[in-house]
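What follows is one structure encoded as structure tokens, with my remarks underneath.
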Protein chains: 4
Amino acid sequence: MSAVDRRKQVLEAAAKSFALFGYKATTMDQVAKIANVGKGTIYTFFTNKEELFDEILHGAILELKRIAERTIREDRDFFDNLYCVLDALLEFRDEHALFIKLSQEQREFGTPKANDSLTKVENVIVGYLQGIVENSIRNGEIKPCDPQVVSFVMLRLYAALTADFNNLREPLQKEQIKEYMLLFLAEGLRSPG
Amino acid sequence: MSAVDRRKQVLEAAAKSFALFGYKATTMDQVAKIANVGKGTIYTFFTNKEELFDEILHGAILELKRIAERTIREDRDFFDNLYCVLDALLEFRDEHALFIKLSQEQREFGTPKANDSLTKVENVIVGYLQGIVENSIRNGEIKPCDPQVVSFVMLRLYAALTADFNNLREPLQKEQIKEYMLLFLAEGLRSPG
Amino acid sequence: MSAVDRRKQVLEAAAKSFALFGYKATTMDQVAKIANVGKGTIYTFFTNKEELFDEILHGAILELKRIAERTIREDRDFFDNLYCVLDALLEFRDEHALFIKLSQEQREFGTPKANDSLTKVENVIVGYLQGIVENSIRNGEIKPCDPQVVSFVMLRLYAALTADFNNLREPLQKEQIKEYMLLFLAEGLRSPG
Amino acid sequence: MSAVDRRKQVLEAAAKSFALFGYKATTMDQVAKIANVGKGTIYTFFTNKEELFDEILHGAILELKRIAERTIREDRDFFDNLYCVLDALLEFRDEHALFIKLSQEQREFGTPKANDSLTKVENVIVGYLQGIVENSIRNGEIKPCDPQVVSFVMLRLYAALTADFNNLREPLQKEQIKEYMLLFLAEGLRSPG
DNA sequence: AATGAATGAGCGTTCATTCAT
DNA sequence: CATGAATGAACGCTCATTCAT
């Protein structure tokens, strides 16, 4: 098996384990076992646990951004864009589940430095959404509101429906997720009657 | 000092520490020191760390339910009730922050048994909300939707605004939290224009 | 068994092991086993391996200095003093063997900081001897020479006869050690004939 | 490149590294890198680290003996011979520094088997010196004394002045080393007055 | 009953050694 | 044959749990 394959195996195993058990509760032994490699092998690719974690997080956020940027069109309105981006994101739902879980985890790494890493990632996403929301408020497409709060809620809502919910019941279908995202973000629950 | 007092001291210390540092990062030494008791004393009340954690979680959920039950009135409509319950809950926001944090710290521990405990607690809350949502759908107060999904989102939304957001910016004011909860749950973002 | 006893047990076990195997090759497991305590116990007394090592070294050097200061008399000449100090030191030969071994070991700790520790200790001893040698040169008691070199050789000579030699043959008797120290330091090997 | 050349490269690299960092702190990776060969290549010549170490030690001692045998003349007296041998040895001081360092790094490894190897080497040197000393005692050139003790001290003295001292101050000059060796071994420190 | 010193399983990490290429 | 990626035993250290006091 090639080195690249092994590296990928490790990354996938670590991603799975981090997503399932969190940072602290994920042991390198566990990762090695899931990846079906020796423990030492991990350290040929990543200098330590923290770096392994960071790489996974970094990869996830990069992919998210790439998808969003590829999908969003200036000439479409906010909710159309929202609809399309959700569509695109949900295509990769499983991979994101990882990031989503991680981003929820209120981890306490030992080092405060490491603690930042997640917050920083979240900031990137929220910041990106924020720009779009601000535009849409200016356009009058959505109600006046704090763009940061709204962006943050959008992220959390997506996380809740995509990943968290699965602990409660079987996963929602793509269409259902989109439907509920739009329900809360666009129209609200109140019966029109 | 009475045994009951000691037990309470331990519970409070543990709650504080779990909320502040998470499950893994909370050491029994820490709890003992905060509680101002010997480390061994903890084990006269709780068989192990996990059970201590469970009891705190259970206590939190019980309190939440009690507040909700005290507040909800059959003769009020859904959104009025929602408004009032939020009001009541936010009064104890700080204590809840604990529960919220814990519920975020998803599966930070290795044992599947411990894993369940959180899910169970969440189930109780969601189940309770579900009943109310179902009623409101029947009444035509809110749009037809999956009550479990909606309940779950409500819980997550509350968590997001109450606790998670604080990592990003300074905490929201009570009034702001209520405002945003209602924005998403009742009317949605779409500009009426 | 009292805590003080345990601490002493650990110190003695570590001293023995450091002396026998050196710093790197001494494992905490080994020390724990020799001391007949759990591995964790060591860490209740010493924050880490390095500190354990430092304490042993520090203790040895302090004792050496105390003995020397108690023994040396300004009103005696250099070789008389040398004779008496050797007498006093050899009384504790076994305990010193430890320090002696350590001071020879050209250890490579991981940290450069730790590396100093031994050199510093050696400097203390050599510095102390140096003062005495300088005085004796001024008095004309011993030949003009570099006091630092001579002091250093004195230390090494003592180490060689006291500890190192034991790997080659059975240990020398106290009287023999004194005799040979004086042979090299005072008169030399050359036959008077 | 020929296999013999590779073997030599490995030996030289290992010698350099052992001398510089000691046994434990020398990694096979390091040796391979310095020798500019693959790590696996080392194992085609030496079954393990210990054997590599042994070979280097043996090589060093062989060279020492060869120099001594070439230099010593039956028709010269003890101190003349000592003077000449020191002269010859110090010519290769740098290479010996390696051996000296190693012989100081007493029992830095756990295995008793490895432990022996150093002692054996030391025995060879001491044994060789011993023969010469015995002769000189018989000749009445030097005082009656235990030849083994004297030989051992000679070795240690040489080590102390050649290598150990460098940790304390800058290295001594060749002439200084010879001067001090003779001072202690021949005349002693006592002022003739 | 309350304690905290003692414990050892388990952690992240290193590195001598192996073996598929 | 030469290689270096892969390995896992062994390290220093932590902390939930126990138990003598």
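A, B, ... follow the sequence lines: proteins, then strands. Residue 1 opens every chain.
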Q: With rounding to the nearest 0.5 Å, note down the distance linking CD in D:Glu50 to CG in D:Leu57.
A: 11.5 Å
Q. What is the minimum heavy-atom distance between A:Ser17 and A:Ile34, and which atoms define it?
A. CB-CD1, 4.2 Å
**Q.** Qualifying residue for salt bridge (charged side-chain N to carboxylate O under 4.0 Å, His left out) with B:Glu55, from B:Lys8, B:Arg7, B:Lys49
**A.** B:Arg7
Between [X] and [N], is there a contact of a side-chain N or O with OP1 or OP2 at under 4.0 Å?
X       : N     : answer
A:Lys39 : F:dG8 : no
C:Thr44 : E:dA6 : yes
D:Arg6  : F:dT3 : yes

Q. Rounded to whole angstrom units, what separation is found between the CD atom of C:Glu50 and the P atom of F:dC11?
A. 18 Å
Q) Within this structure, what is the CZ-to-C1' distance between A:Phe53 and E:dG12, rounded to whole angstrom? A) 16 Å
Which nucleotide wins on minimum distance to the side chain of [X], given the candidates [options]?
X       : options               : result
A:Thr27 : F:dA16, E:dC11, F:dA2 : E:dC11
B:Val37 : E:dT3, E:dT13, F:dC15 : E:dT3
B:Thr41 : E:dT17, E:dA2, E:dC15 : E:dA2

[N]: pairing nucleotide in any strand, Watson-Crick or G-U under 3.5 angstrom:
N      : answer
E:dT21 : F:dA2
E:dC15 : F:dG8
F:dC13 : E:dG10

Q.
Applying a 4.0 Å non-hydrogen cut-off, can you work out what C:Gly38 is touching in the nucleic acid: base, sugar-phosphate, or nothing?
A. sugar-phosphate
Q) What is the nucleic acid contact for B:Ser2, judged by heavy atoms within less than 4.0 Å: base, sugar-phosphate only, or nothing? A) nothing
(Q) Let me spell it out: for each of B:Lys49 and C:Asp29, pick the nucleotide of DNA chain F with the closest heavy atom. Which residue's pick is nearer the 5' end? (A) C:Asp29
Q. In terms of the angle between their ring planes, are B:Tyr23 and B:Phe53 parallel, tilted or perpendicular, with boundaries placed at 30° and 60°?
A. perpendicular
